[in-house]
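Down below is the structure, laid out as structure tokens.
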Amino acid sequence: MNLSVNIAGVELKNPVMPASGTFGSGLEYSDFVHLGELGAVVTKGVSNVPWIGNDTPRIAETKSGMLNAVGLQNPGVDLFLERDIPYLKKYDTKIVVNVCGKTTEEYCEVVERLSDAPVDLLEINISCPNVKAGGIAFGQDPECAMAITQEVKKYAKQPIIMKLSPNVTDITEMAKAVEAGGADAVSLINTLTGMKIDVHRQKFVLANRTGGLSGPAIKPVAVRMVYQVFQAVDVPIIGMGGIASAEDALEFILAGATAVAVGTANFHNPAVMPEIIQGLVNYMKKYNISDIQDLIGVVE
Amino acid sequence: MNLSVNIAGVELKNPVMPASGTFGSGLEYSDFVHLGELGAVVTKGVSNVPWIGNDTPRIAETKSGMLNAVGLQNPGVDLFLERDIPYLKKYDTKIVVNVCGKTTEEYCEVVERLSDAPVDLLEINISCPNVKAGGIAFGQDPECAMAITQEVKKYAKQPIIMKLSPNVTDITEMAKAVEAGGADAVSLINTLTGMKIDVHRQKFVLANRTGGLSGPAIKPVAVRMVYQVFQAVDVPIIGMGGIASAEDALEFILAGATAVAVGTANFHNPAVMPEIIQGLVNYMKKYNISDIQDLIGVVE
Amino acid sequence: MNEKREALVLSQGEIAKDIFDLWIKQPEIAGAARPGQFVMIYCEDNSRLLPRPISICEVNTAKGHLRLVYRIAGEGTKEFSKLVSADRIQVMGPLGNGFPLSAKKAILVGGGIGIPPMLELARQLEGEKQIVLGYRDELFLDKDLEKFGQVCIATEDGSTGTRGTVIDAIKEHHLDAEVIYACGPTPMLKALQKYAIVHNIECYLSMEERMACGIGACLACVCKSVGKDEHTNVHNKRVCKDGPVFEAREVEL
Amino acid sequence: MNEKREALVLSQGEIAKDIFDLWIKQPEIAGAARPGQFVMIYCEDNSRLLPRPISICEVNTAKGHLRLVYRIAGEGTKEFSKLVSADRIQVMGPLGNGFPLSAKKAILVGGGIGIPPMLELARQLEGEKQIVLGYRDELFLDKDLEKFGQVCIATEDGSTGTRGTVIDAIKEHHLDAEVIYACGPTPMLKALQKYAIVHNIECYLSMEERMACGIGACLACVCKSVGKDEHTNVHNKRVCKDGPVFEAREVEL
Ligand SMILES: Cc1cc2nc3c(=O)[nH]c(=O)nc-3n(C[C@H](O)[C@H](O)[C@H](O)COP(=O)(O)OP(=O)(O)OC[C@H]3O[C@@H](n4cnc5c(N)ncnc54)[C@H](O)[C@@H]3O)c2cc1C
Ligand SMILES: Cc1cc2nc3c(=O)[nH]c(=O)nc-3n(C[C@H](O)[C@H](O)[C@H](O)COP(=O)(O)OP(=O)(O)OC[C@H]3O[C@@H](n4cnc5c(N)ncnc54)[C@H](O)[C@@H]3O)c2cc1C
Ligand SMILES: Cc1cc2nc3c(=O)[nH]c(=O)nc-3n(C[C@H](O)[C@H](O)[C@H](O)COP(=O)(O)O)c2cc1C
Ligand SMILES: Cc1cc2nc3c(=O)[nH]c(=O)nc-3n(C[C@H](O)[C@H](O)[C@H](O)COP(=O)(O)O)c2cc1C
Ligand code: FES
Ligand code: FES
């Protein structure tokens, strides 16, 4: 039985990885999950210098979902290269580094600093809704998205995954734009922008007012977008948004995802990813499927 | 204590009404709810001629939400005027007729036919994602939205509520466009486009493939959009999307909604609207608020 | 006013693999229920919003008791299967039209999880009754039904009775009747529809479709109908309100 | 490997209005727990994804029992309040750093629902203990704590002990100490932080923040810290991992 998939020339032993920002750089979750069992580890977004992130409260629970406005707190690329990459290299898994920035220059600086590091793939987060200056604009305008892809590609030695925002009128336009810009893969969806109000205090629950909605609540939107993008572009897709079980992961694969990422579900069950991998194996056994790649995009 | 609110000159005895399409024309729910207790009754979308709608399955459950692709099945404006309006006139409530069409002409035809009917408000659904030809385009392009608002206004004798789609990059742009086109009010949000796949059958769950996501799952997105639109335009807002309790309704009001509509929650609890109205009264008593209008948009 | 009502769980047991037999007490619903009608059961888990339609299997009007027999099909029915006596659930009903009763010589056909509504129907029909039950393999409710008439069984694997479908069983036993009542999977209903038309027999089919409101307002649960539906004047009748029981000639399957 | 574990509910009772006293059996967690640490309790309802952090109130290591005392604050704790003996729940822990133990003369300060962790702390501290408890009105856990030292009570409404805050009670009773341990609402922690700095007393505060992962990975639960945090090299420490207990001079409140 073959569970391995290929993203832009990088072979993952299975299609399951954490979604950026929900798994740190793996260290904390290594108490719960054998990192070597995962298809890849995707790190929290990393920027050129340390970012302090937003004020608290940074999260709120919603029905079958949650809002977050962490605001990309991270130690910056230097400490990241010194500490997190060597840590991850101890494990037999692929390393995907999520990159964030406020300007094209900042993105390029991080990508350049990572270019000689033992990193397998770069995921460029042009869609984080929580950063005031810049960030989101790249992910909501096709021309900006194409331009930043082109720039980043100049500095990258690893294949580039562009992470798309769902807060757009037409996700296929965005996917086509980054493909035209040279993206080697796309990942989707990032969070939907949302808000929660404490009606007793008459105040925003999050210090940042708005936050990104994730979790099972958004899965139908995510599956739809993966399906649409699969019809529109040729690059491989990493699908995410509300995956909490093998069946959820299979929905994304059948819709067209080559691999899947699991975010919010880690908070509900820190051992969810190995369970999903096992569930994929069970499904393939049950339906006599020898290669998981035969499932990609076959829904009808 | 004053619970009444004013939408474009029409006074509602309270701010609670059903969301279009979830309540028929009131008849079926009159076994569960005294229609005269509601701020208004909003009818299912009505078109110039009968529409047969989509094939089944038309709905699917999702986590804290549901997908629907009913496809605006309706008897057409003639039977509607003959049967549904006289039925609703028996009750001491306001009548909001939801209008759908495939072309500007079709919308205008329905609006014209309704112009002399005893209808208080017209809600123009330019956002239904389930109709193939036209429909959705109006709701996703600001220029089209403005143009159709202007056209409809020429035929309408009642104030016009434009119902906005959340499947857009910038909801404020849409709201400003319909305001510029002459809209007397806006309602939001319609459903988010989603998809569900049956992984065992490897098939789309809905005959229409995609459907509209509604219910508590989407509430954070809806509250955020209502808040953004409240900052952007001067016309009153009818807020909806996942409301299932008085607290939910208050979130929308605090975010800027003058009135609220309840959709999917009716399926979970057919008597939910009177409960919400009572909950608003309880809240106002508890916090010593004499006029509900003092709550509109006051979140901070 | 009609409403969502609380019911008391009296007992529950598993009568075949994944098939549960639930008795609840809800006097208003039991007092009004007719064979072929259904109730909506609401989930306690807040992530599941839609109520689950379940047919009325048996009614004890005097005591206000209702029997529901269902198969675990997904998360909602799995939740229900954990109910134990003294638990409380939210139920709405009775809903739908139910089977039209008469004293004619009848064949009652139940396929799989379509069997439960046949029990209350058998109890209330006054004429001669022949009961045909189709199963994949394991039997259930067959003993309950034997009290009301001749029971013929068809199983897919041939482990009991006729190997094959309910149509095979009807043919094997040379059953004939003035009226057929049926509930079961669509292929079975289709075969019976054809059989009834060919043999010119009155025939009532109980249909299934995904539901949201359960009371005719949302238009989720339509089936293609020969006549125009009264509600929207197109050829789409609502299973929850105009049905779930339709005369075989009324619907396109 | 650490993991989410199943625990058995041994008993639960309401010890004051909306305050519940829950004993569970979970030997692995009980075996490792230290005072000031917390556990995460998961909701059974699928619409509530995030686990709820609850402090460890008392531990019986030998038996593998844990005591949790919590207030109904929202839907999750309301769900927990319905647990009865023999139910099973999912729990993760013990999490966080806990209070540093010593034999110094100590003041233990608990405010409202910050009182529970003071109990296991009082049981394990070896030095002289003065225990100051702040309540709005109704008392709880005060009898349990009396076994371990002098208990001074402050109530907002003056119904018991000092009218006012825990600081008022400390002053009224002229308490002094080499170390203060505290858990309670932010205004109380702020007042104690100031008090400790002014009086130059070592002081440990247990902080509260919204959490998602509970293990230091998601950066939901940070508090402003004087020093740079080791994890992201900014001035934001993680309450779940670097805390919940911080030396008063370490954090900005
Ligand atoms: C009028 C009517 C009477 C019925 N009577 C019975 C009965 O007596 N015994 C019995 O076992 N089953 C009966 N069913 C089928 C039963 O409603 C479904 O098996 C049940 O809703 C599945 O719910 P779930 O949560 O377990 O499955 P899930 O797949 O988790 O349900 C998801 C959604 O799909 C709906 N759904 C799934 N399967 C069906 C189905 N076959 N028909 C309609 N909706 C479905 C659910 O109601 C829910 O809204 C009846 C259906 C109808 C329409
Ligand atoms: C380290 C720590 C220890 C705690 N120990 C106790 C204890 O021993 N006893 C006790 O009664 N309470 C304790 N709390 C507070 C307790 O976690 C919250 O009251 C509880 O999470 C509320 O959940 P809910 O579902 O009832 O409320 P809801 O408002 O429905 O919860 C919604 C979300 O907000 C979070 N949340 C709400 N209030 C708080 C809060 N005050 N702190 C952190 N998260 C919150 C919930 O965890 C959940 O994710 C502790 C909190 C922390 C951080
Ligand atoms: C707490 C939290 C932090 C996140 N941080 C990042 C991030 O740093 N970079 C990024 O690209 N996406 C980030 N995301 C988005 C997730 O990677 C993912 O796209 C989204 O949550 C949808 O998946 P889910 O529903 O499985 O969580 C974050 C999400 C959460 C919940
Ligand atoms: C079954 C169903 C049918 C609907 N039909 C219509 C419609 O005819 N016209 C319309 O403008 N919106 C329609 N909607 C959208 C609702 O009016 C509402 O905007 C949306 O469902 C969000 O609210 P809710 O989460 O409370 O359901 C429909 C929604 C559902 C669930
Ligand atoms: S379920 Fe709503 S019309 Fe039948
Ligand atoms: S809750 Fe995730 S870092 Fe503390």
Can you give me the closest heavy-atom contact between Leu254(B) and Val199(A), atom names plus distance?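 Closest approach of Leu254(B) to Val199(A): CD1-CA, 3.7 Å.
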Search all heavy atoms of Leu213(A) against all heavy atoms of Ala217(B) and return the closest pair with its distance. CD2-O, 3.7 Å
Specify which of Gly65(A), Gly194(A), Ala60(A), Pro220(A) makes the most heavy-atom pairs with chain B at under 4.5 Å. Pro220(A)
May I have all residue pairs that pass ring-ring contact (aromatic ring centres under 6.0 Å, His included) and include part of residues 241-264 of chain B, sequence neighbours excluded?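 As it turns out, there is no ring-ring contact (aromatic ring centres under 6.0 Å, His included) pair with a partner in residues 241-264 of chain B once direct neighbours are skipped.
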Between chain B and chain A, which N or O donor and acceptor atoms come closer than 3.5 Å?
| from | atom 1 | to | atom 2 | distance (Å) |
| --- | --- | --- | --- | --- |
| Ser64(B) | OG | Ser64(A) | OG | 2.6 |
| Thr169(B) | N | Thr169(A) | OG1 | 2.9 |
| Thr169(B) | OG1 | Thr169(A) | N | 2.9 |
| Thr169(B) | OG1 | Thr169(A) | OG1 | 3.2 |
| Thr193(B) | O | Arg224(A) | NE | 2.9 |
| Thr193(B) | O | Arg224(A) | NH2 | 3.1 |
| Met195(B) | N | Pro220(A) | O | 2.9 |
| Ile197(B) | N | Glu251(A) | OE1 | 2.8 |
| Val199(B) | O | Tyr283(A) | OH | 2.5 |
| His200(B) | ND1 | Tyr287(A) | OH | 2.7 |
| His200(B) | NE2 | Glu247(A) | OE2 | 2.8 |
| Gln202(B) | O | Glu300(A) | N | 3.2 |
| Gln202(B) | NE2 | Tyr283(A) | OH | 3.1 |
| Phe204(B) | N | Glu300(A) | O | 3.3 |
| Arg209(B) | NH1 | Tyr227(A) | OH | 2.7 |
| Pro220(B) | O | Met195(A) | N | 2.9 |
| Arg224(B) | NE | Thr193(A) | O | 2.9 |
| Arg224(B) | NH2 | Thr193(A) | O | 3.1 |
| Tyr227(B) | OH | Arg209(A) | NH1 | 2.7 |
| Glu247(B) | OE2 | His200(A) | NE2 | 2.8 |
| Glu251(B) | OE1 | Ile197(A) | N | 2.9 |
| Tyr283(B) | OH | Val199(A) | O | 2.5 |
| Tyr283(B) | OH | Gln202(A) | NE2 | 3.0 |
| Tyr287(B) | OH | His200(A) | ND1 | 2.7 |
| Glu300(B) | N | Gln202(A) | O | 3.2 |
| Glu300(B) | O | Phe204(A) | N | 3.3 |

Examine whether an atom of Leu250(B) lies under 4.5 Å from a heavy atom of chain A, and if so say whether it belongs to the side chain, the backbone or both; otherwise answer neither. both
From the list Val221(B), Val226(B), Val223(B), side-chain contact (heavy atoms from CB on, under 4.5 Å) with Met195(A) holds only for Val223(B)
Between Leu295(A) and chain B, with a heavy-atom cut-off of 4.5 Å, which part of the residue counts as in contact: side chain, backbone, both or neither?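 Only the side chain of Leu295(A) comes within 4.5 Å of chain B.
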